[in-house]
There are 2 protein chains.
Amino acid sequence: MQLTGVDAERMCFARQIMDRVGDKWSIAIVHTLGRDTLRFTELKRAIDGISQRMLTATLRGLERDGLVERTVHPVVPPRVDYRLTELGLTLLGTVCELANWAVNHADEIAGARADYDARPDTA
Amino acid sequence: MQLTGVDAERMCFARQIMDRVGDKWSIAIVHTLGRDTLRFTELKRAIDGISQRMLTATLRGLERDGLVERTVHPVVPPRVDYRLTELGLTLLGTVCELANWAVNHADEIAGARADYDARPDTA
DNA sequence: CGATGGTGGTTCCTTTTGGTAACTGACCCC
DNA sequence: GGGGTCAGTTACCAAAAGGAACCACCATCG
């Protein structure tokens with residue numbers, strides 16, 4: 001046991017939020033909303049590559065988990081704003097730490113992959 | 001911009017390691033190997049529910065990225081040991097922070113879900 | 001009147017993911 | 001020589017993720 005507080009329960013929670021945030025678009029959306037609140041079409045244009053279906057689906061999921069707030073303005077052309085909640089903001093911070101880890105070790109990972117792929121065999 | 005250092009490049013890296021670690025079994029394996037080095041069948045027995053196929057596949061992926069080290073002992077019944085590398089250990093630490101976030105906000109998320117599911121309608 | 005834009009929903013299809021089960025092969029025990 | 005262990009591999013299959021495209025509503029614009 002090199003690490004303290006690494007119990008199975010904790011890792012189970014890690015799995016759960018990975019399920020939430022580990023899909024293809026959640027991080028991109030949370031990140032994009034980190035700057036400021038946006039409307040549906042603005043998000044769609046900002047994220048580049050996301051389909052309408054996945055944008056709605058992912059937003060629903062984030063909204064359900066209280067990470068994103070959806071406010072409908074009952075105006076003439078419907079206007080819907082999405083913004084990060086406090087909870088969503090803290091998640092963004094945490095995900096950033098993960099991103100920092102990735103940035104700091106990107107070269108090690110790349111090197112390991114190169115080594116692995118260059119290996120003659122599993123022999 | 002509420003958060004500093006939240007550039008798109010960073011989030012792109014976050015996506016990459018999410019892809020690596022966001023699958024169904026990687027976290028479980030890294031967590032299990034965090035305690036001590038184990039053999040293939042020990043891992044399989046320890047993780048409960050993992051199939052042989054996914055164990056090998058996930059281990060290969062982790063090995064390729066330099067997170068897990070695989071040592072083959074050319075003995076009578078084949079013996080293969082898996083253990084976390086230094087890199088894998090730092091990843092475990094980072095994932096633990098994510099797990100901490102999840103633990104600290106589990107009730108908020110559960111509450112948000114309950115609220116959302118109890119809503120009369122999107123009206 | 002028809003076109004457009006804003007906010008989705010829905011349907012169909014492909015790709016990816018992951019589970020089951022059976023096979024390999026080397027060695028050992030009985 | 002039949003059966004067991006260890007560490008996989010391969011073939012097959014079901015479920016889920018995700019993309020493309022089309023539908024719908026409504027209001028304004030030209």
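Worth saying up front: this structure is predicted, and the values here are computed from it rather than measured. In what follows, chains are A, B, ... by sequence order, proteins preceding strands, each numbered from 1.
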Nearest-angstrom distance from the residue atom CZ of Phe40(A) to C1' of dC25(D): 15 Å
Integer-rounded Å distance: dA17(D) P and Leu55(A) CG: 17 Å
Under-4.0 Å side-chain N/O to phosphate OP1/OP2 contact, Arg39(A) with dT7(C): yes
Flag side-chain contact, heavy atom, 4.5 Å: Leu38(B) against Tyr82(B): no
Sugar-phosphate, base or nothing in reach of Ser51(B), heavy atoms under 4.0 Å: base
Integer-rounded Å distance: dG18(C) P and Arg60(B) CZ: 17 Å
Spacing of CZ belonging to Arg39(B) relative to OG1 belonging to Thr71(B), to within rounding of 0.5 Å: 10.5 Å
Gap between atoms CZ and P, on Arg70(B) and dC6(D) respectively (whole Å): 16 Å
Length of the line joining Ile50(A):CD1 and dG18(D):P, which is rounded to integer Å: 10 Å
Tyr82(B) side chain near dG8(D) phosphate (N/O to OP1/OP2, under 4.0 Å): yes
Whole-Å distance separating the CD atom of Gln52(B) from the C1' atom of dA11(D): 15 Å
Distance test, side-chain N/O of Arg45(A) to OP1/OP2 of dT7(C), below 4.0 Å: no
Phosphate-side-chain proximity, Lys24(A) and dG19(D), N/O vs OP1/OP2 below 4.0 Å: yes
Listed nucleotide nearest any side-chain atom of Pro78(A), set dT7(C), dG19(C), dA7(D): dT7(C)
Phosphate OP1/OP2 of dT7(C) contacted by Arg53(A) side-chain N/O (<4.0 Å): no
Atom CD of Glu97(A): over 12 foreign heavy atoms under 6.0 Å: yes
Rounded distance (nearest 0.5 Å) linking atom CD1 of Ile50(A) with atom CZ of Arg45(A): 14.0 Å
Touch class at under 4.0 angstrom, heavy-atom based, for Arg79(A) against every strand present: sugar-phosphate
Spacing of Leu59(A) atom CG relative to dT7(C) atom P, expressed in whole Å: 12 Å
Nearest-nucleotide 5' precedence on DNA chain D, Thr56(B) against Met54(A): Thr56(B)
Pair Asp117(A) + Arg113(A), salt bridge at N-O below 4.0 Å: no
Among dT7(C), dG8(D), dG19(D), the nucleotide that comes nearest once only the side chain of Trp25(A) is considered: dG19(D)
Rounded distance (Å) that lies between atom P of dC27(C) and atom NE2 of His73(B): 18 Å
